[in-house]
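To start, the structure under review is shown below, and the notes come after it.
For the numbers below, each heavy atom of this structure counts, side chains included, while hydrogens, waters and symmetry mates do not.
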Amino acid sequence: VIGDHRPLEGSFGRAIGTQRLDGPSFCLDEENMQEIEPHTTDHTQLIGKWIASYSSPATRSAYRTDIKLFLQLIDALDVDLLEVRREHVDLFVRSRERIDTSSTLRRRIAAISALYRYVQSEDLIERNPVEAIRRPVVDQDHSTSESLSHAEAIRFLDAAKAHSPRTHALVLLLLDTGVRISEALG
């Protein structure tokens with residue numbers, strides 16, 4: 001605790017600011033970082049605006065988690081968000097290689113890069129520290145996601161057909177193309 005301020009939950013003090021002990025609580029929630037006080041640094045508002053720029057709740061949720069992990073690392077290194085260099089991102093990648101799958105790590109790097117592209121577009125940094133980072137290779141023919149068996153797909157399609165023609169068409173589209181439901185409905 002410094003004066004009447006304390007670091008945000010998750011030890012993000014240096015990375016995204018501080019909050020007043022007697023003020024509203026701050027969290028990385030579905031509402032894109034509401035309750036931002038005038039006492040917080042511009043980094044909190046910047047990250048909130050960046051997250052809010054994504055329309056998909058799934059993207060916002062995943063990127064929020066990815067950035068939280070990155071901020072924890074740079075906070076531990078006592079590096080400000082706007083002073084991050086490639087070596088810090090490399091360290092993050094190395095620290096996550098044994099924990100995350102290749103596709104998860106690739107998404108985490110993409111999230112950090114997207115944040116820094118946004119920061120760059122706001123003219124707060126000259127160069128994106130992530131742009132030259134190598135992304136892990138992801139085998140396009142292999143997935144850890146489970147899929148329906150043939151019998152399950154048939155039962156799903158039959159249930160959709162019994163429900164309505166619209167539901168049947170939607171399920172047929174999903175099963176035939178592998179498109180995400182948000183993409184099919186969006």
Side-chain angles (χ1 to χ4, degrees), residues 6-19 26-33 40-149 177-183 186:
R6 66 177 172 182
L8 291 169
E9 286 182 38
S11 185
F12 297 160
R14 182 157 170 72
I16 62 172
T18 57
Q19 73 177 16
F26 171 85
C27 64
L28 298 167
D29 65 336
E30 287 295 328
E31 299 303 318
N32 304 313
M33 301 187 176
T40 59
T41 69
D42 290 341
H43 300 336
T44 301
Q45 293 176 11
L46 183 67
I47 292 169
K49 288 177 187 176
W50 169 70
I51 288 176
S53 73
Y54 290 93
S55 59
S56 165
T59 300
R60 288 193 308 263
S61 178
Y63 278 16
R64 191 176 299 112
T65 300
D66 300 336
I67 294 305
K68 181 178 178 179
L69 290 170
F70 180 67
L71 293 175
Q72 287 172 341
L73 176 96
I74 65 170
D75 216 31
L77 297 172
D78 197 30
V79 175
D80 185 81
L81 181 67
L82 302 181
E83 296 170 358
V84 167
R85 294 187 314 270
R86 178 186 172 160
E87 66 191 60
H88 302 118
V89 181
D90 281 333
L91 183 61
F92 175 77
V93 171
R94 284 193 307 275
S95 74
R96 302 298 308 176
E97 283 175 334
R98 294 180 188 208
I99 300 168
D100 297 331
T101 64
S102 293
S103 58
T104 299
L105 184 55
R106 191 174 179 89
R107 189 205 62 232
R108 292 194 200 287
I109 296 168
I112 298 165
S113 184
L115 171 62
Y116 279 105
R117 273 194 311 274
Y118 183 85
V119 171
Q120 194 174 21
S121 75
E122 294 290 314
D123 294 323
L124 297 173
I125 60 172
E126 289 184 28
R127 190 157 190 244
N128 182 340
V130 188
E131 71 185 358
I133 298 292
R134 289 191 179 114
R135 273 49 170 191
V137 176
V138 177
D139 182 357
Q140 298 298 321
D141 295 327
H142 177 268
S143 174
T144 57
S145 299
E146 290 193 33
S147 59
L148 298 176
S149 69
T177 64
V179 68
R180 295 176 179 165
I181 188 73
S182 61
E183 294 168 330

Short side-chain to backbone donor-acceptor contact, S113 and A110, under 3.5 Å: no
Using only atom types and a distance under 3.5 Å, with no angle test, would you say the side chain of S61 pairs donor to acceptor with the backbone of A58? no
Is there a side-chain contact between I47 and L81, using heavy atoms and a 4.5 Å cut-off? yes
When rounded to the nearest 0.5 Å, the distance separating OG1 of T59 from CD1 of I51 is 11.5 Å
If you compare all heavy atoms of I99 against all heavy atoms of S95, which two are closest, and at what distance to 0.1 Å? CD1-O, 3.5 Å
Steps toward side chain to side chain contact (heavy atoms under 4.5 Å, CB included) verdict (V93, R134): CA-CA 9 Å; V93 171; R134 289 191 179 114; over 6 Å; no
Who are the side chain to side chain donor-acceptor pair (under 3.5 Å) partners of T104, not counting sequence neighbours? T101
Tell me whether R135 contacts the main-chain N or O of R106 through its side chain, where contact means a donor paired with an acceptor under 3.5 Å. no
Side chain to side chain, I133 and I112, heavy atoms closer than 4.5 Å: no
Any side-chain heavy-atom pair of T65 and R108 under 4.5 Å: yes
Within the 4.5 Å heavy-atom criterion, are I74 and E83 side-chain neighbours or not? no
Apply the ring-ring contact (aromatic ring centres under 6.0 Å, His included) test between Y63 and each candidate in Y118, F70, Y54; give the one that qualifies. Y54
From F92 CZ over to D66 CG, what is the distance, rounded to the nearest 0.5 angstrom? 7.0 Å
Where is the tightest heavy-atom contact between E97 and L105, given as atom of each residue plus distance? CG-CD2, 3.8 Å
Within-4.5 Å side-chain heavy-atom neighbours: Y116 and R127: no
Student check: side-chain heavy atoms of I67 and W50 closer than 4.5 Å: yes
For S55 against R60, the heavy-atom pair lying closest together: O-NH1, 3.0 Å
Under 4.5 Å between any side-chain heavy atoms of L73 and L69, yes or no? no
Between I109 and V130, is any pair of side-chain heavy atoms under 4.5 Å apart? yes
